[in-house]
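Heavy-atom basis, side chains included; hydrogens, waters and symmetry copies ignored. On a predicted model such as this, the values are computed, not experimentally measured, just so you know.
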There are 2 protein chains.
Amino acid sequence: MAIDGGQGKRATRRTRPTSFDVAELAGVSQSTVSRALAGDPVVSELTRERVKRAAEELNYSIDQNATRLRTGRTDVIAVVVICRPGELKEDMNPFYYSLLGNICSAISAAGYDALVSFQDRAENLNGFYESNRRADGLIVMGTAENVEAWAHFREVSESGASMVCWGAPYPDQNWVRSDNVGGGEMAAHMLITNGYQNSVYVGSVTSLQRQYTERFEGFSRAMREAGRTPVIVQIDPSLSRLEQGRSAVRGMIETGMKFDGIFAACDQIAIGAMQELQARGYRIPEDVGVVGFDGINAGQHVVPPLTTIEPDLPLAAELLVKRLKALMAGQANDEWLVPVRGIVRGSAARR
Amino acid sequence: MAIDGGQGKRATRRTRPTSFDVAELAGVSQSTVSRALAGDPVVSELTRERVKRAAEELNYSIDQNATRLRTGRTDVIAVVVICRPGELKEDMNPFYYSLLGNICSAISAAGYDALVSFQDRAENLNGFYESNRRADGLIVMGTAENVEAWAHFREVSESGASMVCWGAPYPDQNWVRSDNVGGGEMAAHMLITNGYQNSVYVGSVTSLQRQYTERFEGFSRAMREAGRTPVIVQIDPSLSRLEQGRSAVRGMIETGMKFDGIFAACDQIAIGAMQELQARGYRIPEDVGVVGFDGINAGQHVVPPLTTIEPDLPLAAELLVKRLKALMAGQANDEWLVPVRGIVRGSAARR
DNA sequence: CTGAAAGCGCTTACAG
DNA sequence: CTGAAAGCGCTTACAG
């Protein structure tokens, strides 16, 4: 009993060393320890070295909770991915995983920690990171289908939190998004120059997210300029994206619609469309050309590989973080447009 | 000047309300506010209601940094994804994205926040979350190639941090991993029952990660039991995974190796192998059968779709968190084996 | 260049 | 059931 020095059960995890312990060992004051380890240029190199050695010897690490309490900064950026209710783990659009990966590294590069969460239904909606001082700012992205979630984050934003979103459900917020109009135009040109006479847009135009509407706008404009009539085939947003593509094609064929080209609102819809077309004996790209949007990985593996419009993801992430930082600093920043490029693959390359 | 009440620049962001402000408005003491909002059953419902109303009126939120400093708990679990050096943003094995998604939701479900980071080279390696009191525990996963990173996290673990890993570079750690041996056996049986006479394993057996060796062990055992000779084709780990598969097949063909079945260490290698086989005119599954491991999304889209061994990812995530929580509580926990199931698709279904 | 002291905003024994 | 008080471990004016 006497062996553990009267510490009882706490014997294994001894109490952590504090800056006072380091100060004592280094023979300086606690404030000097703090300054030395924070890299304050005012302390002499000699002192700093002594402090560092002492800290190392004691295996001392700064308790960031104390730092954060004292400074009011957390150096954390929260990232929320909004999922469809109940879809938390599966079936997430892989595009968001790539965007998330890029965002996490942009956050690291900016010297922050990323606090990530996937949120779906009301029970686990919580965007008040800044109110709780768990983060200095917030990046939100995810499916437009979850209306409830977006309403919650609109509230968060209106409460004065620093928040930037990917996409655009509400016009009056801080957004970063792809050049969807430009991408839509590219898609139309790709189809036209490959000789597709009757191309249609497969996607939603009534979605909460302006992105899809914008893609159609660009497509529509380029089609009209080429003397074509822009046609839109509305999808059923309650289905999975693959199934949206399949059922759209099913509908088009069964109603006898005349078409030989498809611009899908996203790659997954495009892949679903390809599946349905091929299942019914249509050849791609000979009979029908297909263009998607996003640049997801799977697009390279389908046969034929999917032609798509791909946003510059690293830049998208960088812009999100940059814009958020400006917001946190109370500065203006209006960079929000992420350029896209057309990736030509087999699915829309006739001849 | 007098208008902003002498607050100067701070006029826009007024000082946050504290529990003292709430106490004053509710007419109770600050300690009662703390208890009431923490849900301490000792406070009367009447008082709690009064406090809640006051808190709402003042738009009060608890400053978690103060809570964390006081309690010593953060209720945060850090998750680190180790990437190949320089590969931070792209080319990540998509399997890790799915696992990460599952882990994040398991962490949420357990009532913690997830602090996620992607780490690659020495400059941004930092696993000392617990030392800095930024998290209560740590989950590590990622590529076996990054030896430097794993060495770092070994140090972290040895410093006494609560840490659980996915995979198994070092035997003496807390791991959760797939039933790789069982999966390897399944793969062998799938190939054998489909009539493939000469199946080989394409993957590394010298990797830091025991997982790949285990997959070969299972494969090897089942092959021997069926009277076959287990053959292994070592890949070049410096290449991308797709390229590993391609170059392995190239080597097999060019050296005149006799084979009609491939069990690849992971799906991406399998897909690369399929690409090379098809480019050389081999038909899958007629001439060669291919089985992968992981169950990544792209496997469903390649043609023919990839037969694979898929770990139960939601369970994997749950086990990682469960094991970590046990570790944090100083309890023993030996659940670490994640069951796998065989997904039969076209790539290994002869006839 | 360094030190003494105040204070960030909570939780939690202790006392009643 | 509630209150007064101590203290978690830092940073940062202020003084020298």
Side-chain angles (χ1 to χ4, degrees), chain A residues 8 10 13-52 54-55 58-76 128 130-134 136, chain B residues 8 10 13-52 54-55 58-76 128 130-134 136:
Chain A
R10 311 282 293 145
R13 291 224 178 202
R14 309 187 54 80
T15 162
R16 291 166 51 99
T18 70
S19 50
F20 285 91
D21 300 319
V22 177
E24 195 177 348
L25 182 60
V28 296
S29 75
Q30 182 270 338
S31 22
T32 298
V33 170
S34 175
R35 291 194 192 97
L37 298 180
D40 189 330
V42 89
V43 304
S44 74
E45 271 319 305
L46 201 97
T47 312
R48 192 192 311 281
E49 275 317 309
R50 213 149 25 116
V51 169
K52 277 189 172 170
L58 293 179
N59 218 334
Y60 168 78
S61 297
I62 292 179
D63 183 330
Q64 300 280 6
N65 295 312
T67 305
R68 289 169 178 178
L69 175 57
R70 182 53 231 233
T71 63
R73 274 178 299 107
T74 65
D75 292 327
V76 169
F128 293 98
E130 210 174 325
S131 309
N132 290 319
R133 287 232 161 122
R134 291 184 295 164
D136 299 337
Chain B
R10 312 282 291 145
R13 289 224 178 203
R14 307 188 56 80
T15 163
R16 290 166 52 99
T18 71
S19 49
F20 285 92
D21 300 320
V22 177
E24 194 177 348
L25 182 60
V28 296
S29 76
Q30 181 269 339
S31 22
T32 298
V33 170
S34 175
R35 292 195 191 96
L37 298 180
D40 190 329
V42 88
V43 305
S44 73
E45 271 318 306
L46 202 95
T47 312
R48 192 192 311 282
E49 276 316 310
R50 216 152 20 120
V51 169
K52 277 190 173 170
L58 294 178
N59 219 332
Y60 168 77
S61 296
I62 293 179
D63 183 330
Q64 300 279 7
N65 294 313
T67 305
R68 289 170 179 177
L69 175 59
R70 182 53 230 237
T71 63
R73 273 177 300 107
T74 66
D75 293 327
V76 169
F128 292 98
E130 212 174 325
S131 310
N132 290 319
R133 288 232 162 123
R134 290 184 295 165
D136 300 337

In the structure shown, which nucleotide is the Watson-Crick or G-U wobble counterpart of C:dA13, with both distances under 3.5 Å?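 WC or wobble partner does not exist here.
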Complementary nucleotide for C:dA4 - Watson-Crick or wobble, under 3.5 Å: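 Because no pair has both required distances under 3.5 Å, C:dA4 counts as unpaired.
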Starting at [atom1] of [X] and ending at [atom2] of [N], how long is that distance when rounded to a whole Å?
| X | N | atom1 | atom2 | result |
| --- | --- | --- | --- | --- |
| B:Arg73 | D:dC8 | CZ | P | 17 Å |
| A:Leu37 | D:dT12 | CG | P | 14 Å |
| A:Arg16 | D:dC10 | CZ | C1' | 11 Å |
| B:Ile62 | C:dG9 | CD1 | C1' | 10 Å |
| B:Glu24 | D:dG3 | CD | P | 13 Å |
| B:Arg48 | D:dC1 | CZ | P | 10 Å |
| B:Leu69 | D:dC10 | CG | C1' | 8 Å |
| B:Phe20 | D:dG3 | CZ | C1' | 11 Å |

Taking only side-chain N and O atoms of [X], does any of them lie within less than 4.0 angstrom of OP1 or OP2 on [N]?
| X | N | answer |
| --- | --- | --- |
| B:Ser44 | D:dT2 | yes |
| A:Thr47 | C:dT2 | yes |
| A:Ser29 | C:dT2 | no |

Taking the side chain as everything from C-beta on, heavy atoms only, tell me whether [X] gets closer than 4.5 Å to [Y].
| X | Y | value |
| --- | --- | --- |
| A:Val51 | A:Arg35 | no |
| A:Arg134 | B:Gln64 | yes |
| B:Leu58 | B:Leu25 | yes |
| B:Lys52 | B:Leu37 | yes |

Closest-nucleotide 5' rank along DNA chain D - winner of A:Arg70 and B:Val28: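 Counting from the 5' end, the first nearest nucleotide belongs to B:Val28.
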Need to verify one output field. Residue with the more 5' nearest nucleotide on DNA chain D, B:Thr32 or A:Ser31?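 With B:Thr32 and A:Ser31 compared, the 5'-side residue is B:Thr32.
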C1' atoms of C:dT12 and C:dG16, separation to the nearest Å: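 Pairwise C1' distance, C:dT12 against C:dG16, rounds to 16 Å.
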With rounding to the closest Å, how many angstrom separate the P atoms on D:dC14 and D:dC10?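 Per the computed distance, 23 Å lies between those P atoms.
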Just do the side chain to side chain donor-acceptor pair (under 3.5 Å) check on B:Ser31 and B:Ser34 with the steps written out, would you? CA-CA 5 Å; B:Ser31 22; B:Ser34 175; over 6 Å; no
Can you identify which nucleotide, out of [options], has its nearest atom closest to the [X] side chain?
| X | options | result |
| --- | --- | --- |
| A:Ser34 | C:dT2, D:dT12, D:dC1 | D:dT12 |
| B:Arg35 | C:dG9, C:dA13, D:dC1 | C:dA13 |
| A:Thr67 | C:dT11, D:dT11, C:dG9 | D:dT11 |
| A:Gln30 | C:dC1, D:dT11, C:dC10 | D:dT11 |

Identify whether any heavy atom of A:Val42 sits under 4.0 Å from a base atom; if not, whether one sits that close to sugar-phosphate; answer base, sugar-phosphate or nothing.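 Base contact.
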When you look at CD of B:Gln30, are more than 12 heavy atoms from neighbouring residues, nucleotides or ligands closer to it than 6.0 Å?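 Atom CD in B:Gln30 is packed in, count exceeds 12.
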